[in-house]
Amino acid sequence: MTGFFERVYRVVRRIPPGRVVSYGDVARMLEHPHAARTVGWALGSLPEGSGVPWQRVINSEGRVSTSHQEDGVNLQRALLEAEGVEFDESGRVDWGRFGWVGLSRQEIEALLDA
DNA sequence: ACAATGACATAAG
DNA sequence: GCTTATGCCATTG
């Protein structure tokens with residue numbers, strides 16, 4: 001776990017249940033606005049039972065990505081629905097209702113500092 | 001050091 | 001709304 005992954009995990013762990021954020025949002029919080037792909041990759045290489053709520057991170061359209069696993073999508077969706085997140089007919093999440101506001105700059109700093 | 005890779009994002013057709 | 005093309009970045013082999 002090198003620096004970036006570590007930071008990604010720390011932020012993701014702060015996502016409250018029933019809320020979701022996009023990969024890009026996480027990247028922006030870490031001040032790497034164009035590292036969304038890396039964020040996704042970090043979650044992808046996440047070992048099971050790591051305590052990181054990876055399911056709460058989806059793409060900018062409010063859809064689950066998990067493209068490398070057939071059932072990954074169903075799993076992620078099931079996990080989110082279990083937390084109260086709702087999906088519309090096209091399988092999208094309403095950012096207005098379930099989108100996580102994120103952390104303030106200071107909160108991020110404090111988080112990364114620790 | 002170089003090339004390839006991936007759970008993205010955004011613009012364009 | 002869906003498909004294609006292009007940009008971006010850290011990690012790996």
Side-chain angles (χ1 to χ4, degrees):
Chain A
M1 310 287 155
T2 40
F4 231 68
F5 283 22
E6 179 73 26
R7 284 188 266 172
V8 172
Y9 302 151
R10 289 195 180 181
V11 172
V12 174
R13 271 194 285 259
R14 301 300 153 151
I15 305 175
R19 286 303 175 91
V20 296
V21 302
S22 71
Y23 300 94
D25 285 341
V26 174
R28 278 190 284 273
M29 285 182 232
L30 297 174
E31 300 195 3
H32 281 244
H34 300 290
R37 304 184 71 165
T38 310
V39 172
W41 194 38
L43 296 179
S45 62
L46 198 58
E48 297 180 36
S50 56
V52 180
W54 55 272
Q55 73 272 21
R56 297 177 194 146
V57 185
I58 58 185
N59 66 23
S60 68
E61 296 181 343
R63 293 186 183 179
V64 296
S65 294
T66 1
S67 61
H68 72 100
Q69 280 190 46
E70 286 283 327
D71 25 326
V73 178
N74 296 323
L75 171 62
Q76 182 167 12
R77 178 164 171 165
L79 287 171
L80 290 176
E81 290 182 320
E83 296 182 346
V85 177
E86 297 171 24
F87 291 79
D88 66 14
E89 308 163 349
S90 52
R92 275 185 296 179
V93 175
D94 183 341
W95 286 115
R97 293 201 294 160
F98 306 104
W100 182 42
V101 180
L103 298 171
S104 72
R105 186 150 166 48
Q106 293 137 351
E107 289 175 308
I108 292 291
E109 288 181 11
L111 183 64
L112 300 182
D113 195 24

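Just so we're clear, the structure is a prediction, and the values are computed from it rather than from any experiment. Here is the naming used below: chain letters follow the sequence lines, and residue numbers restart at 1 for every chain.
Closest to the side chain of A:Tyr23, out of B:dA9, C:dG1, C:dC8, is B:dA9. Of the candidates B:dA9, B:dA7, C:dC9, the closest approach to any side-chain atom of A:Trp54 belongs to B:dA7. Closest to the side chain of A:Ser65, from the set C:dA10, B:dA9, B:dC8, is B:dC8. Which of C:dC9, B:dA7, B:dA9 sits closest to the side chain of A:Thr38 comes down to C:dC9. Listed nucleotides: B:dA7, B:dC8, C:dA10. Nearest to the side chain of A:Ala36: B:dC8. Picking from C:dC9, B:dA9, C:dA10 the nucleotide with the shortest atom distance to the side chain of A:Trp41 gives C:dA10. Comparing C:dT11, C:dC2, C:dC9 against the side chain of A:Arg63 picks out C:dC2 as the nearest.
Counting atom types as modelled, A:Arg37 pairs no side-chain N or O with a base atom of C:dC9 as donor and acceptor under 3.5 Å.
A:Ile58 pairs with exactly one of A:Arg92, A:Arg77, A:Gln76, A:Arg63 by the side-chain contact (heavy atoms from CB on, under 4.5 Å) rule, that one being A:Gln76.
Annotation: the span from A:Tyr23 atom OH to A:Thr38 atom OG1 amounts to 12.5 Å, rounded to 0.5 Å.
We find that A:Arg56 and A:Glu83 are joined by a salt bridge, their nearest charged nitrogen and carboxylate oxygen being less than 4.0 Å apart.
Residue contacts for A:Phe4: at a heavy-atom cut-off of 4.0 Å it reaches the sugar-phosphate backbone alone, with no base atom in range.
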